[in-house]
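Below: the structure, in structure tokens.
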Amino acid sequence: MSLDPIALAERLIACPSVTPADAGAMGVLAHVLEGIGFTVHRFAAGEAPDGPIENLFAMRGHGAPHFAFAGHTDVVPAGEGWSADPFVPAIRGDLLYGRGAVDMKGAIAAFVAAADRVSEHHGTLSLIITGDEEGPATYGTVALIDWMAARGIRPDLCLVGEPTSTHRLGDMVKIGRRGSVNIWIEVPGTQGHVAYPHLADNPVPRLIAALDALAKLHLDDGNDWFQPSNLEITTVDVGNGATNLIPGAARARINIRFNDEHRGVDLIARVEAIVKAHAPTANVRGIVSGESFVTKPGALSTLVADAIRERTGIDPELSTTGGTSDARFLSRLCPVVEFGLPNATMHKLDEAAAVADIEALADIYADIIRAALA
């Protein structure tokens, strides 16, 4: 009897694996994978507060071609207001409820079920699974890539099971993502009494001027595969609880989601130059969460689109919209695309995936494996 993706999804959902906790999810997955012929490697990486993180790499077969599936067992916090326990999976009507049903334990279960159905194949089939995608992503897929590199393991193609579908299963495949950079700005001043401004130095006007210039910054018009890059001011903070005090410092943070016309470090430098034109003594610090990437339409996207079309009759849209994912790291290794369940309830209260969608996704994934390892 073939492996039931719904039953496996339920077992995974029952593990409250809120980043960075594993809560037994990797153990469930490892046991099932070993039972269908995979060699499973597990290791923990990192230290508190962002770790330790449980990671898993499973491989079946040998040689080329090497087709990999990547995903994550960690989930975001459930939050208050669920109609039932978010970590007690339940099928009500046509839907499987539980935190992670959509993002992305349902897709992992579907792929494992697909791998069970395609037990005979050429080349190598692998799973790259982390417990650190929803968090800082410091000790997860990056650590897995390092672990693989140390052992000479490199896939030829990679599919990430992120929930990319929008209205119907199969209507969207992600072939790229915008990059993301966070930038912290601090403008120093001299604290003082508002009645004696000549004895103080108010940093707020300089910060406001710098933020106004940044808000007016035109980065680009987008291109064939990406929407225009956008800069957003995400916080402004003076921390002043008094009405008669000129603050000693003013701070702000911005985020830029950028397309492949930019690099993160260049954007940090550009922001710093604009800020210092208005506040020469300002401190500007940036962290690049990930660079943009695109896997232009080719063999991999065609393979995935053909499998979707055969099972659903839908021609998927190839898109680069949305936030970041671990595909930003995996794209350094090989061509990578993302395809998974409809994403309407991901990260929401009463997250739920259609049972029929999980079962159909397993069928599509099985077709993709067959085609990739033909």
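Values reported hereafter were calculated over all heavy atoms of this structure, with side chains retained and with hydrogens, waters and symmetry mates removed. Since the structure is predicted, the reported quantities are computational estimates derived from the model, not experimental observations.
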Original post:
Is the closest side-chain heavy-atom distance between Tyr97 and Ile13 below 4.5 Å?
Top reply: no
**OP:** Quick one: list whatever passes salt bridge (charged side-chain N to carboxylate O under 4.0 Å, His left out) with Asp94, sequence neighbours left out.
**Re:** none
Original post:
Are Ile6 and Ile36 connected in a single hydrophobic cluster, I mean Ile/Leu/Val/Met/Phe/Trp/Tyr linked by side-chain heavy atoms less than 4.5 Å apart?
Top reply: yes
Original post:
Any Lys/Arg nitrogen of Arg263 or Asp266 sitting under 4.0 Å from an Asp/Glu carboxylate oxygen of the other?
Top reply: yes
Original post:
Going by distance alone, is a donor N or O of one side chain under 3.5 Å from an acceptor N or O of the other, for Asn223 and Asn259?
Top reply: no
**OP:** List for me each residue that meets side-chain hydrogen bond (donor to acceptor under 3.5 Å, both in side chains) alongside Ser325, sequence neighbours excluded, and say none if there are none.
**Re:** Glu338
Original post:
Would you call Glu272 and Val275 a side-chain contact if the rule is heavy atoms closer than 4.5 Å?
Top reply: no
**OP:** State, without any angle test, whether Arg177 and Thr324 hold a side-chain donor-acceptor pair at a distance under 3.5 Å.
**Re:** no
Original post:
Below 4.5 Å, heavy atoms only, C-beta onward: do Met26 and Ser17 meet side chain to side chain?
Top reply: no
Can you give each donor-acceptor pair under 3.5 Å made by side-chain atoms of residues 49-57, sequence neighbours left out, with the distance rounded to 0.1 Å?
from  : atom 1 : to     : atom 2 : distance (Å)
Asn55 : OD1    : Thr130 : OG1    : 2.7
Asn55 : ND2    : Tyr139 : O      : 2.9

**OP:** Apply the test side chain to side chain contact (heavy atoms under 4.5 Å, CB included) to residues Ile175 and Leu300: give CA-CA distance (whole Å), side-chain angles for both, the deciding distance (0.1 Å), then the verdict.
**Re:** CA-CA 9 Å; Ile175 61 168; Leu300 178 56; over 6 Å; no
Original post:
Is there a path of hydrophobic side-chain contacts, each under 4.5 Å between heavy atoms of I, L, V, M, F, W or Y residues, that connects Leu373 with Ile153?
Top reply: no
Subject >> For Thr345, side chain to side chain contact (heavy atoms under 4.5 Å, CB included) partners two or more places apart >> reply: Val102, Glu351
**OP:** Please identify each residue that fulfils side-chain hydrogen bond (donor to acceptor under 3.5 Å, both in side chains) with Asn255, with sequence neighbours left out.
**Re:** Ser180, Asn182, Arg257
Could you go through residues 193-201 and list every donor-acceptor pair under 3.5 Å that involves a side-chain atom there, pairing it with any protein atom two or more places apart or in another chain?
from   : atom 1 : to     : atom 2 : distance (Å)
His193 : ND1    : Ala195 : N      : 2.9
Asp201 : OD1    : Arg206 : NH1    : 2.9
Asp201 : OD2    : Arg206 : NH2    : 3.2

Original post:
Would one find more than 12 heavy atoms of other residues, nucleotides or ligands at under 6.0 Å from atom NZ of Lys348?
Top reply: no
Subject >> Residue pair Leu159 / Tyr365, side-chain heavy-atom distance below 4.5 Å >> reply: yes
Original post:
With a cut-off of 6.0 Å (strictly less than), are more than 12 heavy atoms of other residues, nucleotides or ligands near CZ of Arg168?
Top reply: no
Subject >> Check: Ser165 and Phe339 side chains under 4.5 Å, non-hydrogen atoms >> reply: yes
Subject >> Note: Asp212-Lys216 ion pair, threshold 4.0 Å (strictly below) >> reply: yes
Subject >> Verdict with reasoning, Val76 to Arg99, per side chain to side chain contact (heavy atoms under 4.5 Å, CB included) >> reply: CA-CA 8 Å; Val76 296; Arg99 175 56 89 218; 3.7 Å; yes
Atom pairs and distances, donor-acceptor, side-chain atoms in residues 37-44, under 3.5 Å, two or more places apart:
none

Original post:
So, do Ile108 and Phe69 sit near enough that their side-chain heavy atoms are less than 4.5 Å apart?
Top reply: yes
**OP:** Give every residue pair that meets the side chain to side chain donor-acceptor pair (under 3.5 Å) criterion with at least one member in residues 63-79, sequence neighbours excluded.
**Re:** Thr19-Asp74, His66-Ser126, His72-Asp74, His72-Asp103, His72-Glu133, His72-Glu162
Do any side-chain atoms of residues 354-364 form donor-acceptor pairs under 3.5 angstrom with protein atoms, and if so which ones, sequence neighbours left out?
from   : atom 1 : to     : atom 2 : distance (Å)
Asp363 : OD1    : Arg117 : NH1    : 2.5

**OP:** With sequence neighbours left out, write down each residue that passes side-chain hydrogen bond (donor to acceptor under 3.5 Å, both in side chains) with Ser319, or none if nothing qualifies.
**Re:** Thr321
Which pairs of donor and acceptor atoms, one on a side chain in residues 329-337, lie under 3.5 Å apart (sequence neighbours left out)?
from   : atom 1 : to     : atom 2 : distance (Å)
Ser331 : OG     : Ala327 : O      : 3.4
Ser331 : OG     : Arg328 : O      : 3.1

Original post:
side-chain hydrogen bond (donor to acceptor under 3.5 Å, both in side chains) with Asn343: which residues, sequence neighbours excluded?
Top reply: none
